[in-house]
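Have a look at the structure below, then the notes.
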Amino acid sequence: MNGKAILENVRRCRAIASLYRQTAAFRPHQRLSLLEQANAWEDRALAELEAHFTSGESKVSPLQTWMVQTASWPMLNAA
């Protein structure tokens, strides 16, 4: 992956984390779960950056690995 693709993945992860935090502000009963999800997405963004800068360019990003591992997880329904 090139640098632009890594930064795009990081931007997307952080945007998703932001949406979880915004939703948590309006859903007090689900707040803890939503904030945990936001933190998980921020951790993924950080892992993506760390992997890029520590091991050089790799063929599979941590985000792609995570997506494959969690493909069977049920999506949280925030609605």
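Positions are given from 1 along the sequence.
Between Gln30 atom CD and Thr23 atom OG1 the span is 9.0 Å, to the nearest 0.5 Å. Rounding to the nearest 0.5 Å gives a distance of 11.5 Å between CD of Glu42 and CG of Leu35. Distance NE2/His29 to CG/Leu34: 12.5 Å, rounded to 0.5 Å.
Under the side chain to side chain contact (heavy atoms under 4.5 Å, CB included) criterion, Ala5 pairs with Met1, Asn2, sequence neighbours left out. Checked against side chain to side chain contact (heavy atoms under 4.5 Å, CB included), Gln22 has the following partners two or more places apart in sequence or in another chain: Ser18, Leu19. For the side chain to side chain contact (heavy atoms under 4.5 Å, CB included) test, residues two or more places apart in sequence or in another chain that qualify with Ala38 are Ala17, Tyr20, Arg21.
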Legend entry - Check against salt bridge (charged side-chain N to carboxylate O under 4.0 Å, His left out), Lys4 and Glu8: CA-CA 6 Å; Lys4 287 184 180 185; Glu8 181 63 20; over 6 Å; no
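The minimum heavy-atom distance between Ala45 and Val10, with the atom names listed, is O-CG2, 3.7 Å.
Criterion: ILVMFWY side-chain heavy atoms under 4.5 Å apart, direct or through other members. Under it, Leu46 and Phe53 are not part of a common hydrophobic cluster.
Remark: Glu48 does not engage Arg44 in a salt bridge, criterion side-chain N to carboxylate O under 4.0 Å.
The salt bridge (charged side-chain N to carboxylate O under 4.0 Å, His left out) analysis of residues 28-38, with sequence neighbours excluded, yields no pairs.
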